[in-house]
> 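First the structure, which I've put down as structure tokens, then a few questions once you've had a look.
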Amino acid sequence: MATIIDGKLVSAAVKKSVADEVNVLKEKGITPGLAVIIVGDDPASRVYVNNKKKACAEVGFYSEEYALPADTTMQELLEVIDVLNKRVDINGILCQLPLPKHLDEKAVIDYIDSKKDVDAFSPVNVGKIMIGDYDFLPCTPAGVMELLSYYNIEVEGKECVVIGRSNIVGKPMSMLLLHKNGTVTVCHSRTKNLKEVTSRADILVAAVGKAEFVTADMVKQGAVVIDVGMNRKDGKLCGDVKFDEVSEKASFITPVPGGVGPMTIGMLMKNTLKAAKLHNNIID
Ligand code: GUN
């Protein structure tokens, strides 16, 4: 039976260290500020945004929410971002995705000042990650790296297989594993002999978006299995990994919920703190 990786515990540790630093900043008159924009009424996005605001309060950040109607125009949304880009009390700007179909997600992300792009989604920040010279790391992949580090799981020289090639998780995840000298393979819907590839993995990251897609026959005995999935099955939250059978074979495994999910928010807090320090010329 695998060791179950406790994302809530590690996220609490990350938030505690952010909160400690915020206390020091506040003595200098600096309070990190995060603006969260949500367009429309997607219920999952609403839960994520509420959790992000709650975490801001926990670590001592100032936060603002912009809840815009589903029929908001591109111009209206960009005007909100424009004001936030210019405000000195706002260090981080986050626009919750997905946006309603009529809005151009890429253009919206690009419009956020890259120095306030605490999601690290903008082309500038993605490029910086590629060359290993970054201020912000994308929250979910960075959260996975934090979990591996907390549990002393070495990446160097390991066969790392990422299933999924999204811009938010799969692609940046592969880059962060590569930075730690893993041997990285990225699989996707067109990958041939998927099971053969995933069975080689010492570290397997599932970011497919399909409930219980990864089964025990796809996993090597003793592998570390990281489940980034957030799916609903029969009304219940479940990941991309068939937990009951895969946990019998893995050495470490993340549960859903309580694994990677809480880490995403912890890393968002870390990025916002970093933004506040950069904007105030505080260098670690
Ligand atoms: N939608 C799903 N995950 C994320 C995330 O990490 N950031 C934003 N902005 N939207 C998301």
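We use all heavy atoms of the structure for the numbers below, so side chains are in, but hydrogens, waters and symmetry mates are not. Indexing begins at 1, ligand by ligand and atom by atom, following the structure's order. A quick note: this is a predicted structure, and the numbers were derived from the prediction, not measured.
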> Between Asp135 and Lys128, is any pair of side-chain heavy atoms under 4.5 Å apart?
yes
> Would Thr140 count as a contact of ligand 1 if the rule is a heavy atom under 4.0 Å away?
no
> Counting non-hydrogen protein atoms only, what is the nearest one to atom 11 (C) of ligand 1? Give residue, atom name and distance.
Gln96 NE2, 3.3 Å
> What's the shortest distance from atom 8 (C) of ligand 1 to any protein heavy atom, and which residue and atom give it?
Asp119 OD2, 3.5 Å
> Does the plane of the ring in Phe252 sit parallel, tilted or perpendicular to the ring in Tyr151? Use 30° and 60° as the thresholds.
perpendicular
> If the threshold is 4.0 Å, N to carboxylate O, is there a salt bridge linking Asp41 and Arg46?
no
> Hey, is Met267 one of the residues with a heavy atom under 4.0 angstrom from ligand 1?
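No; Met267 lies far enough from ligand 1 that no heavy-atom distance drops under 4.0 Å.
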> Which bit of Cys95 is near ligand 1, meaning a heavy atom under 4.0 Å away: side chain, backbone, both or neither?
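The backbone, only.
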> Within a strict 4.5 Å, meaning less than it, do heavy atoms of the Pro98 and Ser45 side chains meet?
yes
> Kindly work out whether a path of hydrophobic side-chain contacts (I/L/V/M/F/W/Y, heavy atoms less than 4.5 Å apart) joins Val124 to Val108.
no
> If you measure from each non-hydrogen atom of Lys52 to ligand 1, which part falls under 4.0 Å: side chain, backbone, both or neither?
side chain
> Can Lys274 and Glu21 be counted as an ion pair, charged N to O under 4.0 angstrom?
no
> Report the part of Leu97 in contact with ligand 1, treating N, CA, C, O as backbone and CB onward as side chain, heavy atoms under 4.0 Å; options are side chain, backbone, both, neither.
both
> Looking only at heavy atoms of Phe121, does any of them come nearer than 4.0 Å to an atom of ligand 1?
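Flag set, Phe121 near ligand 1.
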